[in-house]
Trainee: 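Structure below; questions to follow.
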Amino acid sequence: MTDDSQQTLKRFCLTVVSAALVIGLAACTQEQQNKISRSIQNWTGTNGVLEIYAGDKLVRRFVKIDKISTALGTDDGLPRHYRYGYGVLDENLNMVADPGEKKVYFEISDYTNAVFFENPR
């Protein structure tokens, strides 16, 4: 097989795989796509930051969060109205896990004024 034939075959295979992925994702509902996205993100991990606000004032910050999970009911398996996870409580709000700041468990409700994002540092 010549180099040109190999390149053509590689491009063809890449096109077929890409088309299959696009068609597969298009067939999913938005909720299914979100679940897939969350599972990929949970699998790869995130250096997340959770900020909690009281009005427009930042009152709590958690750093080094791997993931935030949605609670599910024990009997019915339905999603609950809160999220939970583990992160370092950033007591001085400097975006750094300083010595002495501990990793803690936290829960936030769907009604908490909060922002979760990947740490830019």
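Computed from a predicted structure; not experimentally measured.
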Trainee: Is any side-chain heavy atom of I52 closer than 4.5 Å to one of I108?
Mentor: yes
Trainee: Hey, mind stepping through V115 and Y53 against side chain to side chain contact (heavy atoms under 4.5 Å, CB included) and telling me if it holds?
Mentor: CA-CA 8 Å; V115 177; Y53 291 86; 4.1 Å; yes
Trainee: Do the side chains of S109 and R83 get nearer than 4.5 Å, heavy atoms only?
Mentor: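 No, side chains not in contact.
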Trainee: Are F62 and V104 packed together at the side-chain level, in the sense that at least one heavy-atom pair is separated by less than 4.5 angstrom?
Mentor: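 Answer yes - side chains close enough.
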Trainee: In terms of side-chain geometry, is the basic nitrogen of D90 or R60 positioned less than 4.0 Å from the acidic oxygen of its partner?
Mentor: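 Answer for the salt bridge query: no.
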Trainee: Is it true that L58 and V96 fall in one hydrophobic cluster, defined by side-chain heavy atoms closer than 4.5 Å?
Mentor: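 Different hydrophobic clusters.
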Trainee: What distance separates K67 NZ from Y84 OH, expressed to the nearest 0.5 Å?
Mentor: 7.0 Å
Trainee: Same hydrophobic cluster for M95 and I65, using side-chain heavy-atom links shorter than 4.5 Å among ILVMFWY?
Mentor: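 They do not share one cluster, since no chain of ILVMFWY contacts under 4.5 Å joins M95 to I65.
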Trainee: At their closest point, which heavy atom of A97 faces which heavy atom of V88, and how far apart are they?
Mentor: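 Closest pair (atom of A97, atom of V88, distance): CB-CG1, 3.8 Å.
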Trainee: For N113 and G55, which heavy atoms make the closest approach, and how far apart are they?
Mentor: ND2-O, 3.3 Å
Trainee: Should H81 and Y111 be marked as a side chain to side chain contact (heavy atoms under 4.5 Å, CB included) after you check the CA-CA gap, both sets of side-chain angles, and the distance that decides it?
Mentor: CA-CA 8 Å; H81 295 284; Y111 312 106; 4.0 Å; yes
Trainee: Looking at R80, I want to see if its CZ is surrounded by more than 12 non-hydrogen atoms of other residues, nucleotides or ligands under 6.0 Å.
Mentor: yes
Trainee: Measuring from atom OH of Y82 to atom CD of E107, what distance do you get when rounded to the nearest 0.5 angstrom?
Mentor: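 Rounded to the nearest 0.5 Å, the OH-CD separation comes to 5.0 Å.
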Trainee: Using side-chain heavy atoms (C-beta onward) and a distance below 4.5 Å, is V63 in contact with R61?
Mentor: yes
Trainee: For L89 and F106, run side chain to side chain contact (heavy atoms under 4.5 Å, CB included): C-alpha distance rounded to whole Å, both residues' side-chain angles, the deciding distance at 0.1 Å, then the answer.
Mentor: CA-CA 9 Å; L89 176 60; F106 61 84; over 6 Å; no
Trainee: Side chains of K64 and N47: closer than 4.5 Å at any heavy-atom pair?
Mentor: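 In short, these two side chains touch, coming nearer than 4.5 Å.
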Trainee: Any chance you could lay out the side chain to side chain contact (heavy atoms under 4.5 Å, CB included) test for E118 and V49, step after step, and finish with the verdict?
Mentor: CA-CA 6 Å; E118 186 174 356; V49 176; over 6 Å; no
